[in-house]
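Report on the following structure.
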Protein chains: 2
Amino acid sequence: MAKVSFREQVLQVREDAIVASVNRLLAEKGFDLMTVDEVVADVGIAKASLYKHFSSKEELAAAAMVRVLDLALAEVERLRQQPAAPLEQLRAVARWTMQVQLAGEMPSLPSQNSTLRAALVAHKGYMDRLLRLSDLLGEWIEAGQADGSLRAELPPEVLLYTLFARACDPVLGLLKAAGQYSDAQIIDILLLSCFGGLSTGQEAQAAAATKRVRKA
Amino acid sequence: MAKVSFREQVLQVREDAIVASVNRLLAEKGFDLMTVDEVVADVGIAKASLYKHFSSKEELAAAAMVRVLDLALAEVERLRQQPAAPLEQLRAVARWTMQVQLAGEMPSLPSQNSTLRAALVAHKGYMDRLLRLSDLLGEWIEAGQADGSLRAELPPEVLLYTLFARACDPVLGLLKAAGQYSDAQIIDILLLSCFGGLSTGQEAQAAAATKRVRKA
DNA sequence: GTCTATAACGCGATAGAC
DNA sequence: GTCTATCGCGTTATAGAC
């Protein structure tokens with residue numbers, strides 16, 4: 001039993017090393033520019049060994065996403081320990097995702113139609129964590145809409161999707177590449193544009209848009 | 001001269017047909033899922049003929065982007081004929097891009113690192129149009145910041161990038177896929193979340209965030 | 001000559017042999 | 001763990017049809 005445990009530990013360590021490499025490469029180059037050969041070269045193992053752990057390139061990406069989702073879930077659980085208004089909790093989560101992006105640790109995957117999307121929605125570990133995270137964020141969203149700090153005219157899913165989308169918004173990469181703002185400034189800018197919107201004087205605008213939105 | 005003109009016309013018509021097919025396939029399946037074989041099958045020409053017009057798959061995508069940028073420029077020029085506040089002009093442009101998306105005519109390209117990005121920034125026709133569009137939108141953005149309808153705390157480029165990013169925001173696709181909102185409702189929802197932000201009561205929030213943003 | 005059809009080459013993902 | 005094979009796809013080259 002000690003041997004088995006040891007062997008399993010070795011496998012686990014290797015798997016962690018693979019996922020770490022994949023995560024870094026995905027953040028650097030994106031899914032299509034990352035080749036499996038790069039991964040095995042980076043980890044220092046043979047291609048066949050990698051395919052013992054993961055059955056496809058898509059599985060590799062899914063493992064990296066599972067990793068960041070676990071980190072996100074841990075961050076959310078940590079935030080739940082501290083009492084704060086729902087809006088502030090959501091802002092803190094958004095801030096955390098931007099920090100991950102700025103640290104170069106957010107995998108960049110094609111968000112639209114692709115074989116990868118299909119593989120992800122079919123991936124149980126990924127979907128379980130995504131749904132759990134959605135549930136946790138959904139609580140804050142509904143609480144925020146109830147206490148008036150979040151727009152109740154917007155369907156809760158829209159708030160959820162928008163927050164998820166900001167976790168890989170290309171605008172952050174553009175600002176980072178421009179190089180004229182500090183990381184802290186970029187985060188403040190994007191939090192403001194996301195939660196506060198682009199325009200001032202929301203009253204008239206919100207009233208005008210509410211007409212149709214309410215019909216949902 | 002008539003012969004040359006006729007031949008050129010034939011080439012032009014074929015090129016238009018190619019770009020139209022590419023545009024549709026890009027909107028349907030995205031760049032990586034679209035194969036060159038599909039394109040030639042759809043147009044009904046031989047592969048070699050296609051490569052006479054476009055030297056690579058990336059060039060095909062660039063041609064499709066040039067097409068939508070030309071449509072966008074035409075729409076902006078049309079809007080400039082009609083007097084309206086800068087904020088309303090920008091909202092109208094954002095609305096137009098969402099209509100294009102909902103009509104299934106917006107090419108979906110990987111927005112992040114990829115060979116395609118490199119090809120696009122090196123593509124003169126694409127970059128010329130993109131810069132021209134940026135200039136035109138920039139005028140409205142600065143005017144909107146000057147008249148107080150757009151947040152002056154945000155750098156103008158941030159507003160520009162954010163509008164561009166909304167033109168291919170995955171949130172629209174998610175709402176469309178959910179199927180529970182009409183096209184008009186989706187547009188109103190996204191305009192509100194983009195220009196109005198997710199939260200209500202922007203005063204305190206804006207004041208808090210402005211501290212650091214201003215340091216830029 | 002220009003189009004079409006088809007084959008061929010390179011590269012990367014995947015799988016199996018040793 | 002290395003090596004080799006296959007397959008898909010982008011790309012190029014070849015050969016035939018009008």
Side-chain angles (χ1 to χ4, degrees), chain A residues 7 10-11 13-15 17-19 21-22 25-26 28-65 107-110 113-120 122-123, chain B residues 1-19 21-22 25-26 28-65 107-110 113-120 122-123:
Chain A
R7 179 165 303 167
V10 170
L11 288 180
V13 167
R14 175 176 297 173
E15 213 163 284
I18 295 173
V19 175
S21 279
V22 167
L25 289 169
L26 281 181
E28 271 178 27
K29 330 183 56 168
F31 183 72
D32 41 337
L33 258 60
M34 179 189 81
T35 72
V36 175
D37 290 279
E38 281 176 331
V39 177
V40 299
D42 195 59
V43 181
I45 59 172
K47 236 176 174 179
S49 308
L50 186 145
Y51 276 93
K52 289 255 187 296
H53 292 270
F54 302 96
S55 61
S56 71
K57 188 182 176 184
E58 283 76 22
E59 288 278 331
L60 282 177
M65 288 306 297
S108 101
L109 309 180
N113 326 317
S114 64
T115 52
L116 180 57
R117 291 312 306 173
L120 284 180
H123 191 284
Chain B
M1 171 165 161
K3 273 190 182 174
V4 171
S5 174
F6 175 71
R7 180 165 301 168
E8 282 174 359
Q9 272 186 25
V10 170
L11 288 180
Q12 186 60 46
V13 166
R14 175 176 299 173
E15 216 164 283
D16 290 346
I18 294 173
V19 175
S21 280
V22 167
L25 289 169
L26 281 181
E28 271 178 27
K29 330 183 59 170
F31 183 72
D32 43 336
L33 258 60
M34 179 190 82
T35 72
V36 175
D37 289 279
E38 279 176 332
V39 176
V40 298
D42 195 59
V43 181
I45 59 173
K47 238 174 173 180
S49 308
L50 185 147
Y51 276 91
K52 286 252 187 299
H53 293 271
F54 303 97
S55 60
S56 70
K57 189 182 176 185
E58 282 76 21
E59 287 278 331
L60 282 177
M65 287 308 297
S108 99
L109 309 181
N113 326 316
S114 64
T115 52
L116 181 56
R117 291 313 305 174
L120 284 180
H123 191 284

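Chain letters run A, B, ... following the sequence lines, proteins first and then strands; every chain starts at 1. Given the structure is predicted, the values throughout are model-derived calculations rather than measurements.
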Fill in: With sequence neighbours excluded, residues passing side-chain contact (heavy atoms from CB on, under 4.5 Å) with Ser55(A)
Glu59(A)

Practice prompt. Go through the structure and list residues passing side chain to side chain donor-acceptor pair (under 3.5 Å) with Ser114(B), not counting sequence neighbours.
Written response: none

Worksheet item: What pairs with Lys29(B) under salt bridge (Lys or Arg N to Asp or Glu O under 4.0 Å), at least two apart in sequence or on another chain?
Response: Glu38(B)

Response to the item:
With sequence neighbours left out, the residues meeting side chain to side chain donor-acceptor pair (under 3.5 Å) with Ser108(A) are none

Item to complete: Identify, with sequence neighbours excluded, every residue that meets side-chain contact (heavy atoms from CB on, under 4.5 Å) alongside Arg14(B).
Response: Ile18(B), Ile45(B), Ser49(B), His53(B)

Worksheet entry | Atom of Val19(A), atom of Ala64(A) and distance for their closest heavy-atom approach | CG1-CA, 4.0 Å

Worksheet item: If an axis is fit to five pairs at each end of the helix from dG1(C)-dC18(D) to dC18(C)-dG1(D), what is the angle between the two, to the nearest 10°?
Response: 30°

Discussion item. Output one letter per nucleotide in nucleotides 10-18 of chain C: B when a protein non-hydrogen atom lies under 4.0 Å from the base, S when only the sugar-phosphate is that close, - when neither is.
Written reply: ---BBS---

Worksheet item: Can you find a pair of side-chain heavy atoms, one from Leu50(A) and one from Val43(A), that are under 4.5 Å apart?
Response: no

Discussion item. Could you work out, with side-chain contact (heavy atoms from CB on, under 4.5 Å) as the rule, every residue matching Ala61(A), not counting sequence neighbours?
Written reply: Leu26(A), Phe31(A), Leu109(A), Leu116(A)

Worksheet item: Taking only residues two or more places apart in sequence, or in another chain, which ones meet Glu28(A) in a salt bridge (Lys or Arg N to Asp or Glu O under 4.0 Å)?
Response: Arg24(A)

Discussion item. Taking side chain to side chain donor-acceptor pair (under 3.5 Å) as the definition, give me every residue that meets it alongside Lys47(A), ordered by chain and number, with sequence neighbours left out.
Written reply: Asp37(A)

Can you name the atoms? Protein N/O to nucleotides 1-3 of chain C N/O, anything below 3.5 Å, with the distance.
unit_1 : atom_1 : unit_2   : atom_2 : d
dC3(C) : OP1    : Arg14(B) : NH1    : 3.4

Discussion item. Using whole Å, what does the distance between atom C1' of nucleotide dG10(D) and atom CZ of Phe54(B) come to?
Written reply: 16 Å

Discussion item. Need one value for Gly44(A): base, sugar-phosphate or nothing, where a base atom within 4.0 Å counts as base even if backbone is also close, heavy atoms only.
Written reply: nothing

